[in-house]
Amino acid sequence: MLEDVKLIFNSALESLEDSQISIDNQRYKMSINRSYYAVFHGARALLFKKGITTKTHSGTIHKFGLEYVINDIFDSSIAKILSSLEDEREDVDYDYRFIVTEKDAINALNKAKIFVEECRKFL
């Protein structure tokens with residue numbers, strides 16, 4: 001099980017790298033997508049460590065809140081990054097008119113880095 005947690009967390013780290021590569025290539029919408037997936041996989045890794053698997057993004061966010069945030073284990077201000085980046089990801093993935101600047105993408109990546117580093121403390 002610990003090996004699976006590492007694999008899931010590595011997906012978070014790879015998504016952070018992909019987000020930076022997307023910024024470097026001026027693909028700002030893709031960068032926000034990858035920043036979201038970094039935090040999503042970080043949350044999934046922590047849930048999997050507790051033996052919890054989810055089937056949906058909303059299920060992951062909900063269970064993460066129940067297992068880590070409500071119990072004051074995970075900093076609630078950092079935990080909010082998960083749902084805020086999910087909202088941003090939905091905008092960039094489904095609204096073709098949604099405009100994303102380099103500053104927006106960098107901000108999302110920086111938030112994702114904070115979230116993933118907080119997750120690392122629990123592994």
Side-chain angles (χ1 to χ4, degrees):
M1 183 155 131
L2 188 57
E3 186 62 32
D4 289 331
V5 172
K6 288 179 183 178
L7 289 172
I8 297 168
F9 191 72
N10 281 341
S11 292
L13 298 176
E14 288 175 5
S15 292
L16 288 176
E17 291 174 12
D18 292 342
S19 179
Q20 182 62 59
I21 290 167
S22 295
I23 290 170
D24 294 344
N25 289 290
Q26 299 177 350
R27 299 194 60 201
Y28 306 129
K29 286 185 176 186
M30 180 57 71
S31 176
I32 287 179
N33 172 286
R34 301 322 301 160
S35 291
Y36 165 70
Y37 275 98
V39 300
F40 175 73
H41 291 307
R44 284 185 58 234
L46 295 186
L47 289 172
F48 197 85
K49 183 178 177 191
K50 288 188 167 197
I52 299 168
T53 57
T54 55
K55 295 185 181 203
T56 64
H57 290 259
S58 60
T60 299
I61 293 168
H62 178 72
K63 280 291 194 181
F64 185 79
L66 291 176
E67 294 295 323
Y68 284 92
V69 182
I70 287 178
N71 298 324
D72 289 328
I73 297 170
F74 201 94
D75 184 314
S76 62
S77 64
I78 294 174
K80 290 177 184 176
I81 292 171
L82 178 58
S83 58
S84 72
L85 282 180
E86 183 197 29
D87 291 341
E88 290 181 45
R89 193 241 351 145
E90 287 178 354
D91 288 337
V92 301
D93 284 356
Y94 301 113
D95 183 352
Y96 67 91
R97 292 182 181 205
F98 194 79
I99 305 295
V100 179
T101 66
E102 179 180 18
K103 183 179 177 181
D104 296 330
I106 290 169
N107 186 42
L109 175 57
N110 288 335
K111 290 190 294 188
K113 287 177 180 178
I114 290 167
F115 187 94
V116 170
E117 282 308 308
E118 188 70 13
C119 288
R120 187 187 304 270
K121 295 177 184 177
F122 297 93
L123 295 178

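If you check the side chains of E14 and N10, you find no donor sitting under 3.5 Å from an acceptor. Using a 3.5 Å distance cut-off with no hydrogens or angles, the side chains of T101 and D104 do pair a donor with an acceptor.
Placement of I52 and L66 in two distinct hydrophobic clusters is found when ILVMFWY residues are connected by side-chain heavy-atom separations under 4.5 Å, directly or transitively.
Side chain of D95 to main chain of D91: no donor-acceptor pair is present (N/O by atom type, distance under 3.5 Å, no hydrogens or angles).
A heavy-atom distance below 4.5 Å is found between the side chains of F64 and V69. Two residues are said to be in side-chain contact when any heavy atoms from C-beta on lie closer than 4.5 Å; Y37 and R44 fail this criterion. Using a 4.5 Å heavy-atom cutoff, the side chains of F40 and R89 are not in contact.
For A45 against I8, the heavy-atom pair with the smallest separation is N-CG2, 3.5 Å.
Judged by a 6.0 Å distance limit and a 45° cone about the ring axis, K50 is positioned over the six-membered ring of Y68.
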Let's go through H41 and F48 carefully: what are the C-alpha distance in whole Å and the side-chain angles of both, what is the deciding distance for ring-ring contact (aromatic ring centres under 6.0 Å, His included) to 0.1 Å, and is it a yes or a no?
CA-CA 10 Å; H41 291 307; F48 197 85; over 10 Å; no
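Under the 30°/60° scheme for interplanar angles, the aromatic rings of F115 and F74 are found to be tilted.
Atoms CG and OG1, on D4 and T53 in that order, are 11.0 Å from each other to the nearest 0.5 Å.
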